[in-house]
J.: 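I have a structure I would like to understand better, so I am pasting it below and will then ask my questions one at a time.
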Amino acid sequence: MKTPVGLTPKNYRRHSKQSGQAIVLILMLTLAGLVGGVALYSTGILTSEKMQLQNAADASAYSVSVVEARDLNFTAYMNRGMVGNEVAIGQMVSMMSWGQMMRSMPEFLEDYGGKIDGVAAIFSLGSTTGKVIGAVQKVTKPMRKVASPVFKVTQKFTKAVATGISILNQIYSGGQQLFHLLSFIFSASTLFEMKDNNSDGAEFSKFGAIALARHFTSYYAGLMGSLPLYGFVQGYSSGNDGDKEGMNRLAQVVNDTRDSFTENRKCFAPLIAVPPVVARVGKLRIPLIGSLGPFTTTVYPPGWGCYDKENKKSFAPYNEHNGGWLGNIFGFKFDFAAYIGEESLGTGLSIDGYFRFDLGIDRLGGSHLREEENDYSWSGADTIGPKIFFGGSIEICGEFLGVSSCDRVGFDIDVPAPPFGVGAALAGPAGGTKTNPKPNLDDIPSRKEDRDIMYGRASKNFLAWDFVIPATPYPPGLWLPLAETYDLMQSVKYQMGTENRNINKNYKLRRYQDTEDKQAISTFANTEGTKDWISGLEAPYLLIGLIKEDAVKDSQMSKGVFELDAPKTANASFVLGDTVPFGVIAKSEVYYTRPTDIGAKWFRRSDFGRSNALEEKSNAFNPFWQARLVDTSYIDRNAALTFQHGQLTLPTEAEALLESFKRLLEKLI
């Protein structure tokens with residue numbers, strides 16, 4: 001056997017026993033791996049527990065916001081139902097007013113005929129007695145046969161429907177309040193269900209409990225009376241001074257939702273009119289004096305059509321306003337011009353102008369939901385009568401060598417004329433009288449341009465509005481009883497003050513719920529009657545704070561760079577106890593957004609995509625509420641570190657600086 005040089009077989013075997021030195025390294029690596037495995041196991045447990053706890057907080061926050069979004073969407077559906085029902089009540093008032101006007105027309109016409117006969121009899125010494133009334137009766141008797149039964153059916157129908165719809169609105173109002181209250185129960189059960197299902201042993205921290213209390217008091221403030229706290233969801237009732245703004249908002253939504261018949265009795269019949277006849281005389285030059293003309297005369301033959309300011313192709317008598325109709329009997333317009341001086345030199349006096357006369361029959365009307373001493377009532381008015389109009393304008397311009405100065409004078413006169421028929425109806429609190437009608441109509445504007453906007457411009461006929469010629473007594477048995485005739489022929493104001501025109505004396509604009517604007521954090525709420533400070537814990541936000549016993553003992557008391565301080569707050573025993581908890585926070589929001597994608601085109605606003613589109617605020621009239629998780633704010637995180645984990649967020653130097661500044665202020669003050 002060969003061996004290395006200088007070594008005997010015995011020495012060679014002794015050297016081979018030194019193998020196995022790597023066992024020391026293996027043992028060291030095994031120990032390090034064991035320690036690392038234990039650390040990895042502990043870290044995995046911590047990570048898993050933290051993820052489960054965070055999932056529990058996220059699920060709790062999001063689920064509660066989903067419940068609240070459903071609550072707000074249900075409220076929106078109820079509000080929309082109430083608004084639609086209010087418009088239906090307005091339709092009943094409109095039908096009653098319209099039926100009353102139709103019922104009164106025979107009485108008005110026969111009364112006028114009787115008065116004309118009386119005057120004619122005086123001048124003719126009785127030779128023409130009864131001729132006018134006889135001719136009028138041939139028209140009014142068929143009208144009465146139709147109008148009287150129609151009105152009786154309309155009267156019973158409108159009263160029954162208006163009363164039933166008002167009761168239905170009361171059910172809707174109570175339903176949204178009940179669902180709002182039940183949402184609190186659903187939210188509470190959801191909080192605990194999500195917490196327990198996602199993380200065993202998790203508890204709400206005291207900081208989280210404070211955040212929940214702040215959220216629920218702001219979200220359900222409308223159910224807790226007049227507490228001086230910011231409320232994201234508020235309830236409004238008529239008759240309460242503090243709710244006046246909210247009730248006016250509902251009344252405005254109702255008025256904006258009125259159908260065209262309720263709003264201004266808009267008609268849709270085709271225009272029946274013969275084109276106007278136009279005659280024109282050219283300019284006549286007079287040497288050394290000036291010129292006369294051109295002169296244009298436009299004659300409007302008899303016709304009938306709807307008022308429509310949007311239809312530019314309509315003939316002039318019909319394109320003034322929306323709502324109502326006009327039966328044109330006769331009309332003409334005369335345009336004239338003249339020039340005194342030398343027109344070629346631009347030196348002289350020019351006169352341009354026109355004169356117009358129209359004679360026809362005007363049909364106007366409309367209904368409003370009006371506020372009356374912090375209460376609300378529906379009222380409608382309808383008139384039909386002669387339309388007699390005079391109008392004109394003259395413009396005089398003086399010029400010298402092409403430099404001119406002009407002045408214009410114009411006039412428009414709607415000649416007061418007694419109506420052919422007047423109707424009015426009401427749905428509201430009882431108690432109106434002739435001297436104190438309900439609603440109060442004494443605030444009808446006096447200026448023509450202001451009057452012509454109320455009740456579908458029916459208010460412009462002040463003879464029909466304020467005064468109607470008293471009915472002429474007729475022998476019993478030949479005509480209607482005198483009392484009913486007199487009642488039918490009274491003014492709009494009188495009829496609104498009589499109880500038999502009120503189709504629902506117990507009518508009320510029902511309580512409803514709406515949302516307030518989202519308040520900016522670190523400001524005082526701009527809600528009327530409160531100076532509540534906004535911390536970011538209020539609705540529509542929801543902050544969840546969860547804590548749990550350490551999965552690995554003292555894991556939260558780490559040392560070194562990431563060492564957590566022991567609780568240093570003065571109320572540590574109340575908020576934290578003696579240890580730093582293992583905790584998380586999560587935040588969610590219920591928010592309002594209108595769909596804008598292609599598939600939701602029916603839900604878009606009419607001004608969608610325009611450069612001048614208005615911003616839509618969140619509201620409880622459209623069911624576009626959703627829920628989402630949101631990032632916690634800087635204030636939320638610092639509050640959680642301070643109150644949930646007991647960590648002071650300011651360094652010692654900053655605390656010392658603030659303390660020194662405080663002492664300096666005390667000395668200066």
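Here the structure is a predicted model, which means the values were calculated and not measured. Any value given below was found using the heavy atoms of this structure, including those in side chains, with hydrogens, waters and symmetry copies removed.
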J.: Locate the shortest heavy-atom distance separating S379 from M496; write the atom from each residue and the value.
T.: CB-CE, 3.8 Å
J.: Using atom types as modelled and distance alone, determine if a side-chain donor or acceptor of D414 lies under 3.5 Å from a backbone N or O of K387.
T.: no
J.: In chain order, what residues pass the side-chain hydrogen bond (donor to acceptor under 3.5 Å, both in side chains) check against N255, with sequence neighbours excluded?
T.: none
J.: Could you list the donor-acceptor pairs under 3.5 angstrom formed by side chains in residues 154-161, with sequence neighbours left out?
T.:
from : atom 1 : to   : atom 2 : distance (Å)
T154 : OG1    : V150 : O      : 2.7
T158 : OG1    : T154 : O      : 2.7
T158 : OG1    : Q155 : O      : 3.2

J.: Would you confirm whether Q495, through its side chain, and Q490, through its main-chain N or O, come within 3.5 Å as a donor-acceptor pair?
T.: yes
J.: Once salt bridge (Lys or Arg N to Asp or Glu O under 4.0 Å) is applied, do any residues pair with R501, and if so which ones, sequence neighbours excluded?
T.: D487
J.: Y236: what forms a ring pair (Phe, Tyr, Trp, His ring centres under 6.0 Å) with it, not counting sequence neighbours?
T.: Y512
J.: Examine distances only and state if a side-chain atom of R80 and a backbone atom of F621 form a donor-acceptor pair shorter than 3.5 Å.
T.: yes
J.: Given 3.5 Å as the limit, does a donor-acceptor pair link the side chain of N85 with the main chain of N169, or not?
T.: no
J.: If you compare all heavy atoms of V492 against all heavy atoms of A381, which two are closest, and at what distance to 0.1 Å?
T.: CG1-CB, 3.7 Å
J.: For D241, check side-chain hydrogen bond (donor to acceptor under 3.5 Å, both in side chains) against everything at least two apart and list the hits.
T.: N374
J.: Kindly say whether K266 contributes a backbone atom to a donor-acceptor pair with the side chain of S260 at under 3.5 angstrom?
T.: no
J.: Please report the shortest heavy-atom distance between P301 and P276, naming the atom on each side.
T.: CD-CA, 3.9 Å
J.: Kindly indicate whether the side chain of L250, heavy atoms from C-beta on, has any atom under 4.5 Å from the side chain of L509.
T.: yes
J.: Taking the basic N atoms (NZ, or NE/NH1/NH2) and the acidic carboxylate oxygens, is any pair closer than 4.0 Å for E107 and R144?
T.: yes
J.: Going by heavy atoms in the side chains, are M489 and S104 under 4.5 Å from each other?
T.: no
J.: Hey, are the side chains of R510 and Y172 touching, using non-hydrogen atoms and a 4.5 Å cut-off?
T.: no
J.: May I ask you to decide if T262's main-chain N or O and D259's side chain share a donor-acceptor pair within less than 3.5 Å?
T.: yes
J.: Decide yes or no on side-chain contact (heavy atoms from CB on, under 4.5 Å) for V299 and F330, but give the supporting numbers first.
T.: CA-CA 8 Å; V299 178; F330 173 75; 3.9 Å; yes
J.: Who are the side-chain hydrogen bond (donor to acceptor under 3.5 Å, both in side chains) partners of S350, not counting sequence neighbours?
T.: none
J.: For N622 and N619, which heavy atoms make the closest approach, and how far apart are they?
T.: N-OD1, 3.2 Å
J.: Can a donor-acceptor pair be found, under 3.5 Å and without considering hydrogens, that links the side chain of D375 to the backbone of G239?
T.: no
J.: If you look at every heavy atom in V468 and P419, which pair is closest and at what distance?
T.: CG2-CG, 4.5 Å
J.: Are F390 and I388 close enough that some pair of their side-chain heavy atoms sits under 4.5 Å apart?
T.: yes
J.: Distance-only check: which donor-acceptor pairs under 3.5 Å involve side-chain atoms of residues 395-405, not counting sequence neighbours?
T.:
from : atom 1 : to   : atom 2 : distance (Å)
E399 : OE2    : Y339 : OH     : 2.5

J.: Between K333 and D358, does any side-chain N to carboxylate O distance fall below 4.0 Å?
T.: no
J.: Does the pair W378 and I503 meet the rule for a side-chain contact (heavy atoms from CB on, under 4.5 Å), with working shown?
T.: CA-CA 10 Å; W378 274 102; I503 64 175; over 6 Å; no
J.: Checking W325 now: which residues fulfil ring pair (Phe, Tyr, Trp, His ring centres under 6.0 Å) with it, not counting sequence neighbours?
T.: W304
J.: Take atom NZ in K508; do more than 12 heavy atoms of anything else shown fall under 6.0 Å from it?
T.: no
J.: Decide yes or no on side-chain contact (heavy atoms from CB on, under 4.5 Å) for N264 and R457, but give the supporting numbers first.
T.: CA-CA 8 Å; N264 55 18; R457 298 186 299 116; over 6 Å; no
J.: For the residue pair P429 and S377, what are the closest heavy atoms and their distance?
T.: CD-CB, 4.2 Å
J.: If only atom types and distance count, is the side chain of N328 paired as donor or acceptor with the main-chain N or O of G303 below 3.5 Å?
T.: no
J.: At what distance, to the nearest 0.5 angstrom, does OG of S166 lie from CD of E86?
T.: 7.0 Å
J.: Using a 4.5 Å cut-off on heavy atoms from C-beta on, say whether the side chain of Y300 contacts that of F357.
T.: no
J.: For the residue pair D256 and Q252, confirm or rule out a side-chain donor-acceptor distance under 3.5 Å.
T.: yes
J.: Write out all pairs satisfying salt bridge (charged side-chain N to carboxylate O under 4.0 Å, His left out) with one or both partners inside residues 612-622, taking only residues at least two apart or from two chains.
T.: D517-K617, R594-E616
J.: Determine, step by step, whether L426 and Y507 satisfy the side-chain contact (heavy atoms from CB on, under 4.5 Å) criterion, reporting the C-alpha distance in whole Å, the side-chain angles of both residues, the deciding distance to 0.1 Å, and the verdict.
T.: CA-CA 10 Å; L426 176 72; Y507 168 82; over 6 Å; no
J.: Got a sec, which residues hit side-chain hydrogen bond (donor to acceptor under 3.5 Å, both in side chains) with R265, two or more places apart in sequence or on another chain?
T.: S94, S367, D382
J.: Can you list everything that forms a side-chain contact (heavy atoms from CB on, under 4.5 Å) with V278? Sequence neighbours excluded, please.
T.: T296, T298
J.: According to ring pair (Phe, Tyr, Trp, His ring centres under 6.0 Å), who are the partners of Y455, at least two apart in sequence or on a separate chain?
T.: H368, W465
